[in-house]
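This report concerns only the one structure given below.
Nothing here was measured: the structure is a model prediction, and the numbers come from that model. Chain naming here is simple, since letters A, B, ... match the order of the sequence lines and numbering starts at 1 in each.
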Protein chains: 2
Amino acid sequence: MIEQSTEPRPTLEAVAARAGVSRATASRVVNGGDGVREPLVERVRQAVEELGYVPNQAARSLVTRRHDAVAVVIAEPETRVFADPFFALQLRGISKELTAHDSQLVLLLTEGRDDHARVGRYLAGGHVDGALVFSLHLDDPLPGLIHGVPTVYGGRPGWSDGSRGAVYVDSDNRGGAREAVRHLVGLGRRRIAHITGALDQTSAVDRLDGFRDVMVDADPKLIAEGDFTPAGGERAMRELLDRCPDLDAVFAANDLTAAGALRVLRERERRVPEDVAVIGFDDMLPVTEQADPPLTTVRQDIEEMGRLMARLLLRGLDRTASAGVPAGGLAGAPASVVLPTTLVRRASA
Amino acid sequence: MIEQSTEPRPTLEAVAARAGVSRATASRVVNGGDGVREPLVERVRQAVEELGYVPNQAARSLVTRRHDAVAVVIAEPETRVFADPFFALQLRGISKELTAHDSQLVLLLTEGRDDHARVGRYLAGGHVDGALVFSLHLDDPLPGLIHGVPTVYGGRPGWSDGSRGAVYVDSDNRGGAREAVRHLVGLGRRRIAHITGALDQTSAVDRLDGFRDVMVDADPKLIAEGDFTPAGGERAMRELLDRCPDLDAVFAANDLTAAGALRVLRERERRVPEDVAVIGFDDMLPVTEQADPPLTTVRQDIEEMGRLMARLLLRGLDRTASAGVPAGGLAGAPASVVLPTTLVRRASA
DNA sequence: CGACGATCGGGGAGCGCTCTCAACGGCGGG
DNA sequence: CCCGCCGTTGAGAGCGCTCCCCGATCGTCG
């Protein structure tokens with residue numbers, strides 16, 4: 001119900017008065033109670049209880065310059081974010097970690113370029129202690145708009161100058177791709193195709209590189225560009241079958257793409273895995289297990305990646321906060337993390 | 001990169017000094033510039049620009065008691081939230097609407113009962129101007145923990161005393177279900193089964209009621225309980241087929257459930273729609289269109305529901321703010337909205 | 001038993017902003 | 001030509017909290 005609370009919330013002053021102590025003492029108790037003797041602590045606690053006191057975060061932030069909030073920026077245009085459980089899982093990992101550290105999650109969704117300025121302004125406004133940024137595209141202007149806010153990226157950012165020491169969490173896309181393709185080779189497949197992801201993202205590029213690492217002189221006709229969506233997977237699969245009717249395996253850049261490819265293979269009456277073996281990437285559970293046939297895929301622990309990002313950010317926050325690091329300094333900054341992947345064998349390959 | 005900004009951000013004071021005006025005038029310009037003459041407005045604007053001034057939200061909130069932030073509470077235990085694009089779509093609608101009103105979205109995910117207290121505390125803490133609460137279960141203690149925060153619910157809350165005047169946005173679950181079942185009847189089907197959703201949610205109950213409205217004396221054996229997931233759909237479908245091998249139609253509580261049912265029907269070699277017609281609910285696009293056969297379903301505009309929730313909340317905020325409504329009062333509060341549904345005919349029925 | 005040191009509690013400043021209120025200046029009407 | 005009113009600007013008082021600093025207080029050792 002829409003209502004406005006009129007009765008003013010109790011202030012620390014009120015708590016102090018009720019407990020018969022000074023505001024400072026009440027504050028100490030509320031913030032942990034160090035350096036206050038037991039009987040007083042108890043009295044203050046009780047006053048807090050009776051009055052239903054909750055600290056005013058705005059007032060607190062004003063002086064501490066901490067907000068106990070972290071922004072999660074998802075810079076994915078249009079609908080993709082939501083067709084894909086990927087973000088949802090990361091979000092869940094992040095949420096868990098932040099909750100454990102009493103931080104709030106401020107979600108910043110950008111729908112297009114116009115939104116970037118808004119996000120930049122928001123972050124610059126010092127509303128949050130740090131930012132977790134996802135799904136950057138190669139030419140994304142967003143990082144340039146982020147100043148003075150500790151940031152951890154989800155996935156290796158793609159800018160050219162060696163990632164400028166950015167902290168990121170990624171999985172071993174290239175290694176995972178290599179493992180998948182090697183598995184196909186081990187199965188005796190020779191005409192192995194690859195459907196890429198959206199090539200303006202490093203994850204897609206890295207998986208393609210992994211594919212090429214194994215298929216050193218792959219027929220360029222065996223590589224088709226997808227975009228991480230089932231529809232893109234279908235389109236690319238059709239293209240591939242038209243160009244190379246003799247292909248006997250497909251490594252798809254992610255499970256959604258693989259699902260699209262499977263559909264086209266069925267439609268064209270190729271048996272999987274007998275005629276064409278298929279491997280995906282992600283191990284997105286409902287998708288892979290319920291695919292027909294169940295999908296062999298490269299698993300990455302998505303939720304863990306989210307959790308790790310949050311942990312890295314929070315740790316960095318602590319570090320710099322306690323050890324007066326100079327502006328822009330990297331001293332003590334956590335390093336990026338690349339998580340390993342594992343091949344999960346199911347029926348499709 | 002993890003860095004701490006050391007250089008203090010410019011204050012309004014600094015802007016005022018640079019523009020050669022008082023802090024008050026600078027504040028006026030920053031907040032819209034009413035009642036300030038043009039030349040001064042321009043000077044202040046320029047000073048803001050040059051200094052890269054961004055208002056300190058904490059200081060502002062401290063005095064205005066507004067936060068320009070809205071909490072989105074998703075009280076869904078475990079993974080369901082994320083397997084289901086439902087929330088993602090609502091979130092997107094909400095995000096768009098909030099962005100248009102310069103409000104931020106604070107996401108509160110609860111993983112279990114323990115989290116409820118945390119959420120209640122957070123909301124009571126006056127960190128946000130209002131809350132949007134989703135996916136309540138019938139016995140959820142959360143509403144009881146929300147005090148003094150304007151709230152709009154996603155889906156009709158299920159408490160017994162007539163929803164206590166709560167504001168909610170829902171779609172016409174009962175009417176949509178009726179339409180679906182009538183369509184099946186119109187197709188000449190007589191042994192129509194229903195797979196329910198999780199019956200601790202009103203949406204599931206309402207759809208079941210709609211089913212019963214049409215199938216007044218339905219054989220109880222034709223109703224099986226699901227939980228809105230594909231796995232639940234599979235389980236229920238198996239049950240139904242075992243109990244009533246002669247059924248000729250299934251109305252599933254949502255598309256995910258229908259997808260599970262379709263899988264079982266294929267496995268049992270029933271043709272859809274020839275032997276068994278299937279209708280879902282939601283019109284979750286990738287699911288319905290790519291189902292085999294494409295799924296006839298009851299469409300609800302999920303993103304619009306989200307947008308509407310946000311709009312309702314923001315409007316209520318305005319209203320009460322301007323027209324000193326007494327505590328707990330409902331005067332001028334927006335009414336709940338129930339959105340219509342439409343039957344989308346595809347191949348499955 | 002007294003004095004010194006360590007520790008605890010209280011007073012007060014001030015974080016950056018908004019908003020009220022008073023002062024000021026310019027204009028039109030009498 | 002003067003008065004009064006309105007529109008514009010500036011000064012200042014807090015919003016609720018943290019934290020510094022100093023005085024009070026306790027324990028303890030000589």
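In this structure, Arg65(A) reaches the sugar-phosphate backbone alone: every heavy-atom distance under 4.0 Å involves primed, P, OP1 or OP2 atoms, never a base. In this structure, Arg37(A) reaches the sugar-phosphate backbone alone: every heavy-atom distance under 4.0 Å involves primed, P, OP1 or OP2 atoms, never a base.
Phosphate contact (OP1/OP2 of dG10(C), side-chain N/O of Ser22(A), threshold under 4.0 Å): present. One finds no side-chain N or O of Ser27(A) lying less than 4.0 angstrom from the OP1 or OP2 phosphate oxygen of dC17(D).
Nearest nucleotide to the side chain of Val36(A), out of dT18(D), dG9(C), dC17(C): dG9(C). Comparing dT18(D), dG10(C), dG16(D) by their nearest atom to the side chain of Leu12(A) picks out dT18(D). Considering only side-chain atoms of Leu40(A), the nucleotide from dG9(C), dT9(D), dG14(D) that sits closest is dG9(C). Minimum atom distance to the side chain of Thr25(B) is reached by dG10(D), of the listed dG10(C), dT18(C), dG10(D). With dC17(C), dG10(D), dC17(D) as the choices, the nucleotide that has an atom nearest any side-chain atom of Ala59(A) turns out to be dC17(D). Nearest to the side-chain atoms of Thr64(A) among the listed nucleotides dG16(D), dT18(D), dC17(D) stands dT18(D). Closest to the side chain of Arg23(A), from the set dG12(C), dC15(C), dC15(D), is dG12(C). Among dG16(D), dC17(C), dG10(C), the nucleotide with an atom closest to any side-chain atom of Ala24(A) is dG10(C). Considering only side-chain atoms of Asn31(B), the nucleotide from dG10(D), dG16(C), dT18(C) that sits closest is dT18(C).
Per the geometry, CZ belonging to Arg43(B) stands 10 Å off P belonging to dT9(D), to the nearest Å.
Two residues, Pro55(B) and Arg28(B), neighbour DNA chain C, and the one matched to the more 5' nucleotide by heavy-atom proximity is Pro55(B).
Residues Arg45(B) and Glu49(B) are not paired through a salt bridge, judged by the lack of any N-O separation under 4.0 Å between the basic side chain and the carboxylate.
In this structure, Ser61(A) contributes its side chain and Gln57(A) its backbone to a donor-acceptor pair below 3.5 Å.
Contact annotation: side chain of Arg9(A) to base of dG16(D), donor-acceptor pair absent below 3.5 Å.
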